[in-house]
Amino acid sequence: MFNKLKALILLLSFLTVIACSNDNSVLARDEKVTTASNHERDVQEMYHNIDTLKRELPSVIDEVTTLEKIDFDGKTVTFGYRLKISDYNASKRKELETAMRDERTGLACAEAEVMQGINKGFDYQYSYYDLDDSKVASFEVTKDICDNLNKADSEIEIGT
């Protein structure tokens, strides 16, 4: 009788361990499904936002810059701009690209909507073309870039 009782207790303990481990895997699986469905919802929302923005194109940004194209591939939002410039040599293009990247990256990382997208896992690509349809500048804004920029800005503020 004592051995049967020990065996029954051992069996119940084993079944309890199995049941608990199955519950944890179900919870982990449910969490992954929820995360995946949240991301899918974010992707669909971004497609909708991009479609809304496309209806307003072309959009004059300033006297030199016009936003002509916006695309989204499920991961990266791409903006295509036309600049009212032409006949730039390679060194002038490089200088312009560096200046535009620095300025645009800082502005993008400071925009709440861009940061909201970045925090949801999206990247941003900016491409600028001149009147001759030559690429003047192209660069990405990602979470790592914004985090590093914000970290550098914080260190500058602390140092001053």
Side-chain angles (χ1 to χ4, degrees), residues 21-160:
S21 67
N22 283 344
D23 286 344
N24 288 340
S25 66
V26 168
L27 290 174
R29 188 172 46 239
D30 287 347
E31 190 173 301
K32 288 178 186 175
V33 169
T34 300
T35 301
S37 63
N38 284 344
H39 181 68
E40 186 60 33
R41 185 194 53 192
D42 292 341
V43 168
Q44 293 306 317
E45 183 180 338
M46 183 62 83
Y47 273 116
H48 174 74
N49 292 342
I50 296 301
D51 286 342
T52 301
L53 291 172
K54 283 182 175 183
R55 291 184 205 131
E56 299 174 14
L57 297 180
S59 177
V60 175
I61 305 301
D62 57 36
E63 57 276 348
V64 178
T65 313
T66 301
L67 176 59
E68 293 186 337
K69 185 177 179 182
I70 303 173
D71 287 315
F72 180 60
D73 65 5
K75 171 77 175 122
T76 302
V77 178
T78 304
F79 296 96
Y81 295 90
R82 175 79 52 203
L83 299 174
K84 292 182 183 176
I85 61 172
S86 62
D87 295 330
Y88 271 69
N89 62 33
S91 66
K92 191 68 171 172
R93 282 185 195 282
K94 191 66 178 169
E95 182 182 318
L96 185 59
E97 179 177 23
T98 300
M100 291 173 71
R101 180 187 316 111
D102 292 347
E103 179 184 346
R104 187 63 206 155
T105 300
L107 291 172
C109 292
E111 286 182 33
E113 290 176 350
V114 171
M115 287 309 299
Q116 184 179 25
I118 284 174
N119 289 328
K120 290 180 178 181
F122 304 125
D123 295 330
Y124 292 81
Q125 173 77 35
Y126 296 87
S127 297
Y128 293 83
Y129 297 87
D130 66 10
L131 293 173
D132 302 322
D133 210 28
S134 295
K135 190 179 280 187
V136 175
S138 182
F139 50 90
E140 283 190 340
V141 176
T142 64
K143 181 165 180 41
D144 288 341
I145 290 169
C146 287
D147 287 348
N148 289 335
L149 183 64
N150 291 334
K151 181 181 175 186
D153 287 346
S154 295
E155 289 172 357
I156 290 171
E157 287 176 13
I158 292 171
T160 56

Which residues pass the ring pair (Phe, Tyr, Trp, His ring centres under 6.0 Å) test with Tyr124, not counting sequence neighbours? none
Does the pair [X]/[Y] count as a salt bridge with the N-to-O cut at 4.0 Å?
X	Y	answer
Arg104	Glu111	yes
Asp130	Lys84	no
Arg101	Glu97	yes

Taking C-beta and beyond as the side chain, do [X] and [Y] meet within less than 4.5 Å on heavy atoms?
X	Y	result
Val77	Val114	no
Tyr128	Thr65	yes
Val141	Cys109	yes
Asp71	Ile50	no
Lys75	Asp123	yes
Tyr81	Val136	no
Leu149	Thr105	yes
Glu68	Leu57	no

Between Val64 and Ile85, does the side-chain contact (heavy atoms from CB on, under 4.5 Å) criterion hold? Intermediate values first, please. CA-CA 8 Å; Val64 178; Ile85 61 172; 4.3 Å; yes
For the side chain of Thr52 and the backbone of His48, is there at least one donor-acceptor N/O pair under 3.5 Å apart? yes
Report, as yes or no, whether the 6.0 Å neighbourhood of atom NZ on Lys54 holds more than 12 heavy atoms from other residues, nucleotides or ligands. yes
Drop me the distance from [X]'s [atom1] to [Y]'s [atom2], to the nearest 0.5 angstrom.
X	Y	atom1	atom2	value
Thr78	Glu140	OG1	CD	8.5 Å
Ile145	Ile118	CD1	CD1	8.5 Å
Leu96	Lys92	CG	NZ	7.5 Å

Determine the minimum heavy-atom distance between [X] and [Y], stating which atoms define it.
X	Y	result
Phe139	Met100	CZ-O, 3.6 Å
Arg93	Ser134	NH2-CB, 3.6 Å
Tyr129	Ser127	CE1-CB, 3.7 Å
Met46	Gly117	CE-CA, 4.4 Å
Ser86	Asp132	CB-OD2, 3.2 Å

Aromatic plane relationship, Tyr126 with Phe79 - under 30° parallel, 30 to 60° tilted, over 60° perpendicular: parallel
Taking it one step at a time, do Lys69 and Arg82 satisfy side-chain contact (heavy atoms from CB on, under 4.5 Å)? CA-CA 9 Å; Lys69 185 177 179 182; Arg82 175 79 52 203; over 6 Å; no
For Ile70, the option from Leu53, Asp51, Asn49 that meets side chain to side chain contact (heavy atoms under 4.5 Å, CB included): Leu53
Run Glu56 and Leu67 through side-chain contact (heavy atoms from CB on, under 4.5 Å) and show every step you take. CA-CA 10 Å; Glu56 299 174 14; Leu67 176 59; over 6 Å; no
